[in-house]
Structures are given as C-alpha cells and as structure tokens.
Amino acid sequence: MTVSNRTWRLRGAFIAAAASVVGVGLCAVPAQAHTPVWSLTCSGGTVDLKAYNDHVTNTVTISVDGKNTVDAQKFGSSFHQDLTLDKASEETVRLIVKAGDGQQYSLDETKTSPACEGAPSATPSPSASVPPSEAPSSEAPAPSKSASDTPSAAAPAPSPSSSAPTDLAETGSSSSTPLIAGAAAVVIVAGGGIMFAARKRRSSQS
C-alpha cells in the first residue's frame with residue numbers, strides 16, 4: 001500500500017507539473033499572437049493583421065476622413081488591405097479591430113497621412129484676382145474731348161491773289177533817274193549856250 005500511494009503521488013505531481021507547463025504555454029501564445037501592423041505614406045498605406053484566432057469572429061473597420069472603406073469586415077487568422085490616399089492633402093485614417101476572443105486584443109487607432117511634396121492641390125484656392133471683365137483699370141480713362149476743346153486746324157496761309165500787282169510801289173527813285181537828270185542838264189546847258197549866243201549876236205549887230 002505504501003508503494004502504491006507513493007506511485008500515485010508521483011503521478012499526480014507529474015500531471016500537475018505538466019498542466020502548469022501547458023498553462024504557461026497557453027498564456028504565452030496570446031502574447032505573441034494578435035499582431036496588428038499598419039502604416040501610412042503620402043499616397044497610400046497598408047493594414048496587416050496577423051496571428052488572430054480563426055475559431056472566433058473577428059471584424060475590421062477602416063475609415064478615411066470619416067468615410068468607411070472597409071466596414072466591419074469579418075476575418076479569420078489574418079487580414080491585409082492596401083489603401084490609396086490623396087497625395088495633395090493630409091487625410092485621417094482610423095483602424096478599428098474587434099477580436100472575438102477578448103477585448104484586450106481589440107484595437108482602435110487613428111493616424112494622419114502627410115501630403116506629398118510638390119503635389120498639386122486637389123481643391124484650388126480661390127484666386128485673389130478679379131475676372132478681366134470686372135477688374136478695375138489701372139489707368140484712368142482719357143477724358144473725352146468735345147468739339148469746342150479740340151484746337152482748330154491752323155488756317156492756311158492766304159495764297160497770293162492773282163489780281164494783286166506784282167510790281168512793288170515806286171518809291172521816287174529808279175534806275176533811270178540819273179539818265180533823266182543828265183539829259184535835263186544837257187538840255188539846260190544847251191539852252192543856256194543858245195541864249196548866250198543869241199544875245200551876243202544881237203549885241204554885235206547893234
């Protein structure tokens with residue numbers, strides 16, 4: 001009986017030790033399982049869920065700026081999703097994972113994707129310029145000139161009248177005046193000589 005009791009005790013201790021090892025191993029498995037890995041870039045992102053319990057119902061929801069791209073989709077031991085994001089602006093992405101084997105394995109995280117450098121803006125900013133039809137002119141309009149303000153054309157110079165005398169008015173001197181004076185002098189001298197000769201002739205006859 002003593003030997004038998006010892007044998008049962010040894011068996012019980014062995015079973016207890018084995019159960020402890022198994023329990024520790026089971027507790028260690030969840031610590032290494034349920035691995036959510038996800039990241040974002042300026043143009044997209046990836047979501048990878050690995051080592052989940054495929055004997056329960058797991059769900060995943062992914063939303064971009066409040067809009068669900070994946071809505072409570074069920075998955076087993078793993079899940080993968082590629083995301084396409086706007087390159088020109090920042091976007092907020094939320095990942096919600098609900099594990100069927102415990103709330104401690106669930107996840108609710110939010111990340112923001114950066115805008116790509118040099119990417120054109122998706123929504124153009126309002127232009128500060130005024131439409132050409134409404135833009136104020138940078139130059140003041142030239143004042144309109146009335147007929148009274150416009151200087152009249154210069155009066156044409158009067159053309160010489162055909163009836164006007166072409167010769168200048170005589171001023172009392174002419175190129176023929178010396179000749180006339182000389183001739184008059186000759187006539188006077190000649191007349192004087194004739195009178196002198198006539199008087200001498202008369203005196204000699206008397």
Side-chain angles (χ1 to χ4, degrees), residues 5-144:
N5 289 334
R6 288 179 180 177
T7 301
W8 282 109
R9 288 177 182 175
L10 290 174
R11 288 179 179 177
F14 178 77
I15 293 172
S20 299
V21 172
V22 172
V24 172
L26 291 176
C27 293
V29 170
Q32 297 177 354
H34 303 85
T35 307
V37 177
W38 67 301
S39 61
L40 303 177
T41 65
C42 67
S43 60
T46 57
V47 176
D48 283 306
L49 308 177
K50 300 178 180 179
Y52 280 77
N53 188 352
D54 59 353
H55 297 294
V56 297
T57 301
N58 306 307
T59 62
V60 56
T61 300
I62 303 174
S63 63
V64 179
D65 284 345
K67 298 179 180 180
N68 290 343
T69 57
V70 177
D71 190 5
Q73 181 175 330
K74 297 179 181 180
F75 70 97
S77 61
S78 63
F79 173 84
H80 175 82
Q81 180 71 31
D82 292 323
L83 303 176
T84 301
L85 303 175
D86 185 7
K87 297 180 180 180
S89 60
E90 296 182 350
E91 290 190 306
T92 301
V93 182
R94 183 181 181 185
L95 173 64
I96 301 175
V97 180
K98 293 183 178 181
D101 54 352
Q103 185 64 29
Q104 68 272 25
Y105 306 124
S106 297
L107 179 70
D108 188 346
E109 288 185 354
T110 300
K111 295 182 180 181
T112 301
S113 66
C116 295
E117 294 183 1
S121 176
T123 55
S125 57
S127 175
S129 61
V130 181
S133 60
E134 300 178 5
S137 174
S138 58
E139 297 181 359
S144 60

### Task
Output the distance between atom OG1 (T61) and atom CG (N68), rounded to the nearest 0.5 Å.
6.0 Å

### Query
Taking the six-membered ring for Trp, are Y52 and H34 parallel (under 30°), tilted (30 to 60°) or perpendicular (over 60°)?
perpendicular

### Query
Looking at CG of D101 and OG of S106, how far apart are the two atoms once the value is rounded to the nearest 0.5 Å?
8.5 Å

#### Entry: SB check R94 D108 (cutoff 4.0 Å)
yes

### Task
Quick one: list whatever passes side-chain hydrogen bond (donor to acceptor under 3.5 Å, both in side chains) with H80, sequence neighbours left out.
D48, D82

### Task
Step through the shown structure and confirm whether more than 12 heavy atoms of other residues, nucleotides or ligands are within 6.0 Å of NZ on K74.
no

### Query
Among T59, V60, V97, N58, which residue meets the side-chain contact (heavy atoms from CB on, under 4.5 Å) test with F79?
V60

### Task
Mark yes when over 12 heavy atoms from residues, nucleotides or ligands other than E117 sit less than 6.0 Å from its CD; otherwise mark no.
no

### Message
Quick one, S43 with L85, criterion side chain to side chain contact (heavy atoms under 4.5 Å, CB included). Give me CA distance, side-chain angles, the key distance, then yes/no.
### Response
CA-CA 5 Å; S43 60; L85 303 175; 5.9 Å; no

### Query
Can you find a pair of side-chain heavy atoms, one from S77 and one from N53, that are under 4.5 Å apart?
no

### Task
Examine the side chains of W38 and E109 and answer whether a donor and an acceptor come within less than 3.5 Å of each other.
yes

### Query
Out of curiosity, E91 CD to C42 SG, how far, rounded to the nearest 0.5 Å?
11.0 Å

### Query
Going through the distances and angles, do V93 and L83 end up as a side chain to side chain contact (heavy atoms under 4.5 Å, CB included)?
CA-CA 10 Å; V93 182; L83 303 176; 4.0 Å; yes

#### Entry: Verdict with supporting geometry, I62 and Q81, side chain to side chain contact (heavy atoms under 4.5 Å, CB included)
CA-CA 9 Å; I62 303 174; Q81 180 71 31; 4.0 Å; yes

### Query
Between V47 and L95, is a side chain to side chain contact (heavy atoms under 4.5 Å, CB included) present by the stated rule, with each step listed?
CA-CA 9 Å; V47 176; L95 173 64; 4.0 Å; yes

### Query
Between atom CD of E90 and atom CG of L40, what is the distance when rounded to the nearest 0.5 Å?
11.5 Å

### Task
Hey, could you give me the OG1/CD1 distance between T110 and I96, rounded to the nearest 0.5 Å?
7.5 Å

### Message
If we ignore hydrogens and angles and just use 3.5 Å, is the side chain of S63 paired with the main-chain N or O of G66 as donor and acceptor?
### Response
no

### Query
Measuring from T57:OG1 to K98:NZ, what's the distance to the nearest 0.5 Å?
12.5 Å

